[in-house]
Amino acid sequence: MTPAIDLLKKNRAEHRVHSYQHDPKSASYGLEAAEKLGLDPARVFKTLLASTERNELVVAVVPVAGTLDLKALAQAAGAKKMEMADPAAAQRATGYLVGGISPLGQKKRLRTFIDVSARAHPTVYVSAGRRGLEVELAAEVLAEHTAASFADIGRS
């Protein structure tokens, strides 16, 4: 399995794993997951990494149908400004490949922020650590196992 799934199993966290055939030509990994699994894109969340002015990497979990508000993330993290992290740095810090970065089971524990909209759903879907693999769990369970804070960081 993946470190994300191993973490959830080890902690006996309630979750369900869903897989689908990933198309390497897909333009958006998250929207592909929603489409292939027949889900409302508002319940499927992507894991993005941003960097502060002090080069601290921060994890943002936002709906795939929207975008990350870097100003709102900076405010939530107490930083002056944020920019999207270099993909190679994101892969090194998390141990996952871009398109399959899970907020769970990362190599290095990074500060994590989940968009508040996640709380509106009984469960949400995030990458399970590999393209074509999603994990379904309650937003509170995700927050517990990533030591995340909820913040208004997503935009439609």
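Model, not experiment: these values are computed from the prediction.
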For F150, is the NZ or CZ atom of R119 found under 6.0 angstrom from the centre of its six-membered ring and inside 45 degrees of the ring axis?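 The answer is yes, since R119 meets both limits relative to F150.
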Is it true that atom NZ of K9 has more than 12 heavy atoms of other residues, nucleotides or ligands lying nearer than 6.0 Å?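 No.
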Nearest 0.5 angstrom please: [X] [atom1] to [Y] [atom2], how far?
X	Y	atom1	atom2	result
Y125	L39	OH	CG	4.5 Å
R131	S26	CZ	OG	10.5 Å
R130	L97	CZ	CG	11.0 Å

Taking side chain as C-beta onward, heavy atoms only, is [X] less than 4.5 Å from [Y]?
X	Y	answer
L8	I5	no
S117	F45	yes
L68	M84	yes
L37	V44	no
V58	F113	yes

Quick one: side chain to side chain donor-acceptor pair (under 3.5 Å) pairs with a partner in residues 72-94, sequence neighbours left out?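 Every candidate side chain to side chain donor-acceptor pair (under 3.5 Å) pair involving residues 72-94 fails, so no pair, neighbours aside, qualifies.
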With no hydrogens and no angle check, is any side-chain donor or acceptor of [X] less than 3.5 Å from a backbone partner on [Y]?
X	Y	answer
T112	L110	yes
K46	G66	yes
Y96	A4	yes
T47	I101	yes
E134	A128	no
D69	I153	no

Tell me the closest heavy-atom pair linking [X] and [Y], and the distance in Å.
X	Y	result
D115	G154	OD1-N, 2.7 Å
A85	L57	CB-CD2, 3.5 Å
L70	A50	CD2-CB, 4.1 Å
A60	L73	CB-CD2, 4.0 Å

Name all residues meeting the salt bridge (Lys or Arg N to Asp or Glu O under 4.0 Å) criterion together with E56; count only those two or more places apart in sequence or in a different chain, and write none if there are none.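 For E56, the residues satisfying salt bridge (Lys or Arg N to Asp or Glu O under 4.0 Å) (neighbours in sequence not counted) are R54, R111.
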By salt bridge (Lys or Arg N to Asp or Glu O under 4.0 Å) - contacts of D40 (at least two apart):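 With sequence neighbours excluded, D40 shows a salt bridge (Lys or Arg N to Asp or Glu O under 4.0 Å) to no residue whatsoever.
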With a cut-off of 3.5 Å and sequence neighbours excluded, list every side-chain donor-acceptor pair involving residues 10-21.
residue: N11; atom: ND2; partner: L7; partner atom: O; Å: 2.9
residue: H15; atom: ND1; partner: A13; partner atom: O; Å: 2.8
residue: H18; atom: NE2; partner: E136; partner atom: OE1; Å: 2.8

Quick one: list whatever passes side-chain hydrogen bond (donor to acceptor under 3.5 Å, both in side chains) with D152, sequence neighbours left out.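 Applying side-chain hydrogen bond (donor to acceptor under 3.5 Å, both in side chains) to D152 gives R155.
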Is there a chain of hydrophobic side chains (I, L, V, M, F, W, Y, each step under 4.5 Å between heavy atoms) that links [X] to [Y]?
X	Y	result
V98	V61	yes
V62	V116	no
I114	L137	yes

Y29: ring pair (Phe, Tyr, Trp, His ring centres under 6.0 Å) partners, not counting sequence neighbours: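 Once residues adjacent in sequence are excluded, the partners of Y29 under the ring pair (Phe, Tyr, Trp, His ring centres under 6.0 Å) criterion are H22.
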Given the rule in the side-chain contact (heavy atoms from CB on, under 4.5 Å) test, do L104 and L142 qualify, once you have shown the distances and angles that lead to the verdict? CA-CA 8 Å; L104 297 153; L142 176 62; 3.9 Å; yes
